[in-house]
S.K.: 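Structure incoming, see below.
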Amino acid sequence: MHILLTLAATALALPTIDKTSINKAAAVPGESSLFTTYAGKRTPLASNYTVAIPATDPGPPEADDILFQNLLAAEWGIYSFYQQGVEAFSAENFTSLGLPNSTYQRITEIRDNEAGHVRIFQDEITSASIKPGPCSYNYGFTSAAEYLALQVFLEVSSMAFLTGLVRQATTNDTRSALVAIGQVESRHNAWSLIDVYGVSPFSGPADTTYPYPNHILELTTLFLTNNSCPSLNPVYPNPKPNLPWTEFVRNGTTAAPGADIQIDGKDYYAVYFHGVNNISVPFDEFDPKSGVIIVVIADEEGAPTEESPSELTLLI
Ligand SMILES: *[C@@H]1O[C@H](CO)[C@@H](O)[C@H](O)[C@H]1NC(C)=O
Ligand SMILES: *[C@@H]1O[C@H](CO)[C@@H](O)[C@H](O)[C@H]1NC(C)=O
Ligand SMILES: *[C@@H]1O[C@H](CO)[C@@H](O)[C@H](O)[C@H]1NC(C)=O
Ligand SMILES: *[C@@H]1O[C@H](CO)[C@@H](O)[C@H](O)[C@H]1NC(C)=O
Ligand SMILES: *[C@@H]1O[C@H](CO)[C@@H](O)[C@H](O)[C@H]1NC(C)=O
Ligand SMILES: *[C@@H]1O[C@H](CO)[C@@H](O)[C@H](O)[C@H]1NC(C)=O
Ligand SMILES: *[C@@H]1O[C@H](CO)[C@@H](O)[C@H](O)[C@H]1NC(C)=O
């Protein structure tokens with residue numbers, strides 16, 4: 001028996017092409033350079049895929065359609081972040097910070113991968129369900145340095161919700177697809193840690209699993225422009241946890257030790273999810289370290305139920 005294993009052929013660099021003659025509508029993720037090495041500023045996506053696509057089949061929906069609708073809605077935000085970066089910057093914006101001259105190229109390649117994820121998730125949603133379209137996203141970056149910090153946050157969030165979504169999957173194909181996508185997000189993060197931040201790309205023996213992915217998905221709505229989603233789009237995330245959260249805390253000040261978060265006289269815990277475990281610290285002993293941290297503030301140690309987190313805080 002012959003087994004032919006195809007690995008990502010990084011050594012066989014495909015030529016970078018930015019020609020309108022590429023048939024974007026027919027491009028298949030994994031087969032077309034549009035989703036790997038396309039260097040153009042314009043989106044790799046054909047215009048009939050950058051809209052909400054109505055259901056065409058009376059149904060019933062497949063069991064994992066809602067999972068992929070959530071994932072596609074999240075992916076539009078992530079893809080848009082990179083598309084905005086490709087449009088806003090050129091190589092000099094990064095080389096002027098002393099970064100490698102490949103930095104801009106890598107961002108376009110990640111944009112291509114994320115566009116491929118959009119197409120993969122659209123295809124995973126059956127024709128009995130709506131395929132959500134893109135909204136407007138405001139990431140608020142004003143410089144290349146801020147952009148690169150947000151990039152790490154988005155990739156870390158992606159890994160946390162992808163590992164969590166595995167728990168909602170009903171088919172083995174879905175579970176495997178989620179792991180495969182998570183590995184690519186992890187490569188994007190590893191690239192940044194090595195080339196941009198010049199630090200070790202390793203996070204330890206396991207990346208972080210967070211069992212309540214809809215919480216992280218809800219956190220991504222921070223970047224959504226109000227009322228900008230196509231009217232056809234289903235609620236996102238579905239179901240919506242409606243978790244209160246502290247604002248996007250770049251400076252850690254609202255959750256700093258000694259900050260007053262006494263709510264209804266209860267004891268609160270900062271619950272860190274790290275690797276496959278979690279660690280609870282009484283809130284008044286909470287000492288945020290630098291880096292990108294997502295902490296759950298819960299009224300029970302270990303945040304053992306989906307409802308126990310009272311709040312999700314993002315510290316950058
Ligand atoms: C997009 O256009 C291509 C080429 O015309 C077609 O094959 C494909 O089915 C279209 N997809 C959607 C979702 O309309
Ligand atoms: C980066 O710089 C090297 C050495 O100066 C050069 O050979 C290479 O073509 C540059 N790459 C890009 C993408 O500009
Ligand atoms: C990128 O660099 C150009 C040229 O130096 C500059 O005009 C532009 O404002 C920079 N873009 C951003 C988003 O910082
Ligand atoms: C998933 O794979 C396992 C192991 O091959 C198999 O036993 C199980 O039936 C599969 N589950 C589904 C839902 O297909
Ligand atoms: C967007 O909506 C939220 C929640 O309804 C509201 O708190 C916020 O002020 C709105 N933002 C803008 C810019 O209108
Ligand atoms: C962080 O917050 C402190 C206290 O409010 C403030 O003095 C400091 O300037 C802030 N630092 C940054 C980088 O925003
Ligand atoms: C956190 O860890 C504790 C102890 O292992 C466990 O009981 C709890 O279920 C974990 N919390 C979550 C949300 O997985």
Side-chain angles (χ1 to χ4, degrees), residues 52 61 63-82 114 117-118 120-122 124-125 129-139 150-170 174-175 177-182 184-186 188-189 207-230 232-249 271 273 278 292-298 303 305-316:
D64 286 337
D65 277 359
I66 291 176
L67 183 157
F68 281 114
Q69 285 177 323
N70 277 329
L71 201 46
L72 177 55
E75 185 60 55
W76 275 123
I78 293 166
Y79 153 77
S80 298
F81 172 77
Y82 287 105
E114 303 298 353
H117 293 170
V118 164
I120 289 169
F121 301 150
Q122 286 173 334
E124 291 285 346
I125 298 167
S129 297
I130 292 160
K131 303 174 205 286
C135 313
S136 299
Y137 308 87
N138 182 357
Y139 289 97
L150 278 164
Q151 192 248 342
V152 174
F153 161 66
L154 285 177
E155 295 295 351
V156 170
S157 304
S158 302
M159 286 187 287
F161 66 66
L162 284 160
T163 51
L165 283 172
V166 170
R167 294 163 182 243
Q168 296 178 4
T170 60
T174 299
R175 295 187 187 104
L178 292 171
V179 173
I181 299 289
V184 167
E185 301 300 359
S186 177
H188 298 163
N189 208 10
D207 276 318
T208 296
T209 64
Y210 183 63
Y212 313 127
N214 289 33
H215 293 173
I216 310 277
L217 294 174
E218 191 162 52
L219 202 57
T220 66
T221 65
L222 276 173
F223 302 112
L224 264 182
T225 305
N226 284 356
N227 308 315
S228 69
C229 294
L232 214 52
N233 278 15
V235 63
Y236 169 77
N238 182 13
K240 209 170 164 52
N242 283 317
L243 208 61
W245 60 60
T246 312
E247 272 309 301
F248 183 43
V249 188
V271 185
F273 287 83
N278 67 75
V292 176
I293 310 174
I294 300 173
V295 184
V296 173
I297 300 169
T305 68
E306 177 120 34
E307 289 72 37
S308 53
S310 312
E311 185 164 312
L312 208 56
T313 296
L314 168 66
L315 306 172
I316 291 184

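For reference, positions follow the sequence shown, starting with 1. All figures in this text were calculated on a predicted structure; none of them were measured in a lab.
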S.K.: Between A74 and F161, which heavy-atom pair has the shortest distance, and what is it?
M.R.: CB-CZ, 3.9 Å
S.K.: Between F81 and Y139, how do the two ring planes meet: parallel, tilted or perpendicular, split at 30° and 60°?
M.R.: perpendicular
S.K.: Atom CD of E114 and atom CD1 of I120: how far apart are they, to the nearest 0.5 Å?
M.R.: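 If we round to the nearest 0.5 Å, E114:CD and I120:CD1 are 10.5 Å apart.
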S.K.: If you look at every heavy atom in P230 and P134, which pair is closest and at what distance?
M.R.: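 The pair with the smallest heavy-atom distance is CD-O, 3.2 Å.
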S.K.: If you measure from CG on N233 to CH2 on W76, what distance do you get to the nearest 0.5 Å?
M.R.: 10.0 Å
S.K.: Given the rule in the side chain to side chain contact (heavy atoms under 4.5 Å, CB included) test, do T163 and T208 qualify, once you have shown the distances and angles that lead to the verdict?
M.R.: CA-CA 8 Å; T163 51; T208 296; over 6 Å; no
S.K.: Nearest 0.5 Å, please: how far is CG in L154 from CD1 in I78?
M.R.: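 Rounded to the nearest 0.5 Å, the CD1-CG separation comes out at 6.0 Å.
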S.K.: For I216 and A160, which heavy atoms make the closest approach, and how far apart are they?
M.R.: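 Heavy atoms of I216 and A160 come nearest at CD1-CB, 4.3 Å.
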S.K.: Is there a side-chain contact between S157 and L219 in this structure, where contact means two heavy atoms from C-beta onward sitting under 4.5 Å apart?
M.R.: no
S.K.: Given side chains that start at C-beta, do those of K131 and F121 come closer than 4.5 Å, heavy atoms only?
M.R.: no
S.K.: Nearest 0.5 Å please: distance from the CG atom of N226 over to the SG atom of C135.
M.R.: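 Rounded to the nearest 0.5 Å, the CG-SG separation comes to 11.0 Å.
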S.K.: Would a 4.5 Å heavy-atom cut-off, applied to side chains only, mark P132 and I125 as touching?
M.R.: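 With C-beta onward as the side chain, the pair touches.
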S.K.: Does any part of the side chain of D64, heavy atoms only, come nearer than 4.5 Å to the side chain of E124, both counted from C-beta?
M.R.: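 E124 vs D64: side chains apart.
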S.K.: Hydrogens and angles aside, do E185 and H188 bring a side-chain donor and acceptor to less than 3.5 Å of each other?
M.R.: yes
S.K.: Any donor-acceptor pair under 3.5 Å linking the side-chain atoms of N70 with those of Q168?
M.R.: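 Side-chain D/A pair, Q168 to N70: absent.
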S.K.: Taking the side chain as every heavy atom from C-beta outward, state whether T225 and Y137 have any pair of such atoms under 4.5 Å apart.
M.R.: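 Sidechains of Y137 and T225: no contact.
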S.K.: Taking Y212 for the side chain and A303 for the main chain, is one N or O donor matched with an acceptor at less than 3.5 Å?
M.R.: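 Judged by distance alone, yes, a pair lies under 3.5 Å.
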S.K.: Does R175 use its side chain to pair, donor to acceptor, with the backbone of A169 at less than 3.5 Å?
M.R.: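 Here the side-chain-to-backbone pair exists.
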S.K.: Can you give me the closest heavy-atom contact between L162 and I181, atom names plus distance?
M.R.: CD1-CG2, 4.0 Å
S.K.: Taking all atoms of both residues into account, what is the closest heavy-atom pair of P237 and L217, and its distance?
M.R.: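 What the structure gives for the nearest pair is CB-CB, 3.8 Å.
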S.K.: Might you work through the side chain to side chain contact (heavy atoms under 4.5 Å, CB included) test for H117 and V184, ending with a clear yes or no?
M.R.: CA-CA 10 Å; H117 293 170; V184 167; 4.0 Å; yes
S.K.: Look up atom CG in L72 and atom CD1 in I130, then write down how far apart they are to the nearest 0.5 Å.
M.R.: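 L72 atom CG to I130 atom CD1 measures 12.0 Å (nearest 0.5 Å).
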S.K.: Say you draw a straight line from OG1 of T174 to CZ of F68; how long is it, rounded to the nearest 0.5 Å?
M.R.: 4.0 Å
S.K.: Taking all atoms of both residues into account, what is the closest heavy-atom pair of D65 and S129, and its distance?
M.R.: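 Looks like OD2-OG, 2.7 Å.
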S.K.: Do L71 and L178 touch side chain to side chain, with heavy atoms closer than 4.5 Å?
M.R.: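 A side-chain contact exists here, since the closest heavy-atom pair is under 4.5 Å.
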S.K.: Between Y236 and Q69, does any side-chain donor sit less than 3.5 Å from a side-chain acceptor?
M.R.: no
